[in-house]
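Here the structure is a predicted model, which means the values were calculated and not measured.
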Amino acid sequence: MTENTPLKVALLGSGIVGSQVLRLLTAQADELAARIGRPLELIGVAVLDPETPRPGYEHITFTSDAAALVAAGPDIVIELMGGIEPAGSLIRSAIEGGASVVTANKALLGAQSSQLFEAADRQGVDLYFEAAVAGAIPIIRGLRESLVGDEITTVMGIVNGTTNFILDKMTRDGTTFADALAQAQAAGFAEANPTADVEGRDAANKAAILASLAFHSPVTADQVYCEGITDLTPQDIAAAAEASCVVKLLAVCEILPSGAISVRVHPAMVPVEHPLAGVHGPDNAVFVLSNQAGRLMFLGPGAGGVPTASAVIGDVVAVARNRVHGVAGPGQMIDEIRPVAPIGEAMTRYHLRFQVVDAPGVLATVAKVFADHQVSVANVRQTRSSILDDHSPWSAELHLQTHTASEADQQACVADLIASSVVGGPPRVLRLEGVQ
């Protein structure tokens, strides 16, 4: 091969991200060739309807036969179709055919990353996926390469722009969840069917990828505890503000004292002074804590066609350079198989809000519940109930924060509070993350 021999590229998918990747591959062809050392030749684009007019791309081959395109012998396959199938089969076919793969498919990686990496390692090809988590933010390369010599203990972040936009609207404008979701859809930050985003499943896929990279141990999305934001109310947002916190949907990956991995996605209160609290709109941010580097923060656009395409093209340049030099980049580095802990073993702090009888001895009764389950109370604040009428026996509201406790112990406390004669109804519970 000479320096003028092009590397053949197949693009699977031309949606929001794929169309921007196509634009960059064509508009920046000369610049990319200079950075790679050889030109890229786009041998075809797999789309649902190849007959749709695409002005400016008449010289490009569009096809509905993605399998045939993969079988045509490309050096690099860019998969931007999404979903488990047929994307998974196409990627495996590309790898088996000797192609390096660039993908943004967090659902597939969250379910099958170990199998795909094993296949890539056997064939000596690359599998790159920077765009699968947090859009343009280079968190994957940071964990996979820059911090690989360090010991990471915690990765915690906002990895879904839709939910961050919604919660930001609820916090800053006082809107309801439904109204904030409608605004997100109108602005193009939420899909017509936002279920995967607002129920936390999209973030769970990304949390599995981050945990696998950070802790060098395989984690799949079905091992990630997941709660969404659909039940959050303006009262929850207001209670957080009164505690000098904001509510964010967080992906939390950490090593427990037992050595097990805790991976969870859920709404949480974050102190206003924490870096994650200042992340607004559809932006993403990932906070990393490691033994040597200390506290690191990655912040930037987490979604959208152009930022995500930037991450895809960055991966294309990296794998193309590797092809030119006849090498492959880092694979999935598995040091050991750590157990993934159930949610009951997770350790964090909690904020509870619940209605009580305003009478002597109530605080002592509540305190005994927590003491019985070895959960230490950090502070308690009592206010007049803003929810119930003056004739209700539950005329006071307690706002209680705990020190760090296990999820199982906290849930046992909640069960006893519900059964108590001095408490009116189930407490509202939010986890409290990022507290020093």
Could you measure the distance from the NE2 atom of H266 to the OG1 atom of T348? Nearest 0.5 Å is fine. 6.5 Å

Partners meeting side chain to side chain donor-acceptor pair (under 3.5 Å) with S310 (sequence neighbours left out): none

D65 vs T63, test: side chain to side chain donor-acceptor pair (under 3.5 Å). Steps then yes/no. CA-CA 5 Å; D65 194 342; T63 177; 5.7 Å; no

What's the separation between atom OG1 in T402 and atom CZ in F370, rounded to the nearest 0.5 Å? 7.5 Å

Side chain to side chain donor-acceptor pair (under 3.5 Å) involving S89 - partner list, sequence neighbours excluded: E85

L108 vs F129, test: side-chain contact (heavy atoms from CB on, under 4.5 Å). Steps then yes/no. CA-CA 11 Å; L108 179 62; F129 52 96; over 6 Å; no

Any donor and acceptor pair, going by atom type alone, linking the side chain of Q401 with main-chain N or O of V380 inside 3.5 Å? no

Partner of T163 by side chain to side chain contact (heavy atoms under 4.5 Å, CB included), out of L181, I229, D202: I229

Does anything in residues 138-148 pair up under side chain to side chain donor-acceptor pair (under 3.5 Å), and if so which pairs, sequence neighbours excluded? R141-D315

Less than 4.5 Å apart, side chain to side chain, heavy atoms only: is that true for L32 and L25? yes

What are the two closest non-hydrogen atoms of A240 and V247, and how far apart are they? CB-CG2, 3.7 Å

Other residues, nucleotides and ligands only: do more than 12 of their heavy atoms fall within 6.0 Å of CD on Q382? yes

Look up atom CD in Q235 and atom CG in L232, then write down how far apart they are to the nearest 0.5 Å. 11.0 Å

Side chains of I140 and I209: does their closest heavy-atom pair fall under 4.5 Å? yes

Could you check whether any side-chain heavy atom of R431 comes within less than 4.5 Å of a side-chain heavy atom of L250, counting everything from C-beta outward? no

Mind checking whether P234 and I237 have side chains closer than 4.5 Å, heavy atoms only? no

All N/O donor-acceptor pairs, side-chain side in residues 151-158, below 3.5 Å, sequence neighbours left out:
from, atom 1, to, atom 2, distance (Å)
E151, OE1, N291, ND2, 2.8
T153, OG1, L289, O, 3.2

Look only at the side chain of T26 and the backbone of R23, and say whether a donor-acceptor pair between them is shorter than 3.5 Å. yes

Determine whether L90 and L69 make a side-chain contact, defined as any pair of heavy atoms from C-beta on separated by less than 4.5 Å. no

What are the two closest non-hydrogen atoms of P6 and R38, and how far apart are they? O-NH2, 3.9 Å

V45 to S14 - nearest heavy-atom pair and separation: CG1-CB, 4.0 Å

Take Q292 and L147 through the test side-chain contact (heavy atoms from CB on, under 4.5 Å) and record every step on the way to the result. CA-CA 9 Å; Q292 305 306 318; L147 295 172; over 6 Å; no

How would you list, by chain and number, every residue that makes a salt bridge (charged side-chain N to carboxylate O under 4.0 Å, His left out) with K169, sequence neighbours excluded? D173

Separation between CD1 (I261) and OG (S217), nearest 0.5 Å, reads 4.0 Å

Results of side-chain contact (heavy atoms from CB on, under 4.5 Å) for A251 - residues two or more places apart only: V159, A207, V265

What are the two closest non-hydrogen atoms of I334 and P218, and how far apart are they? CD1-CD, 3.7 Å

Working to the nearest 0.5 angstrom, can you tell me the gap between E433 CD and Y350 OH? 8.0 Å

In chain order, what residues pass the side-chain contact (heavy atoms from CB on, under 4.5 Å) check against V340, with sequence neighbours excluded? V219, Q223

Contact list for residues 239-258, test side chain to side chain donor-acceptor pair (under 3.5 Å), sequence neighbours left out: N164-K248, E242-R381, E254-R264

Between D197 (side chain) and T162 (backbone), is there a donor-acceptor pair under 3.5 Å? no

Let me confirm one number: the CG-CG distance from L352 to L417, rounded to the nearest 0.5 Å. 7.0 Å

Check the pair L42 / Y57 against side-chain contact (heavy atoms from CB on, under 4.5 Å), numbers first and verdict last. CA-CA 11 Å; L42 185 60; Y57 297 112; over 6 Å; no

Residue I16 excluded, over 12 heavy atoms near CD1 under 6.0 Å: no

Contacts of R172 meeting side chain to side chain donor-acceptor pair (under 3.5 Å) (sequence neighbours excluded), chain-then-number -> D168

With sequence neighbours left out, what residues match E79 under side chain to side chain donor-acceptor pair (under 3.5 Å)? T103, N105

Donor-acceptor contacts, no H, no angles, side chain residues 116-125, under 3.5 Å, sequence neighbours left out:
none

List the steps and the verdict of side chain to side chain donor-acceptor pair (under 3.5 Å) for Q112 and R92. CA-CA 11 Å; Q112 302 177 14; R92 285 187 288 273; 2.8 Å; yes

Does I84, at its CD1 atom, have more than 12 non-hydrogen atoms belonging to other residues, nucleotides or ligands within less than 6.0 Å? yes

Before you tell me yes or no, could you show the steps for I313 and V21 under side-chain contact (heavy atoms from CB on, under 4.5 Å), namely the whole-Å CA-CA distance, both residues' side-chain angles and the distance that decides it to 0.1 Å? CA-CA 7 Å; I313 293 296; V21 169; 4.0 Å; yes

Worked verdict on S262 versus E345 for side chain to side chain donor-acceptor pair (under 3.5 Å): CA-CA 8 Å; S262 176; E345 296 179 18; over 6 Å; no

Taking only residues two or more places apart in sequence or in another chain, which ones pass salt bridge (charged side-chain N to carboxylate O under 4.0 Å, His left out) with D283? none

C253 to L210 - nearest heavy-atom pair and separation: SG-CB, 4.4 Å

Between R54 (side chain only) and T52 (backbone N and O only), is there a donor and an acceptor less than 3.5 Å apart? yes

Do the rings of H351 and H399 sit parallel, tilted or perpendicular, given the 30° and 60° boundaries? perpendicular

Look only at the side chain of H373 and the backbone of V375, and say whether a donor-acceptor pair between them is shorter than 3.5 Å. no

Closest non-hydrogen contact found for V263 with A211 is CG2-CB, 3.8 Å

Criterion salt bridge (Lys or Arg N to Asp or Glu O under 4.0 Å) on D126 and R323, from CA distance to verdict: CA-CA 9 Å; D126 283 325; R323 300 286 289 202; over 6 Å; no

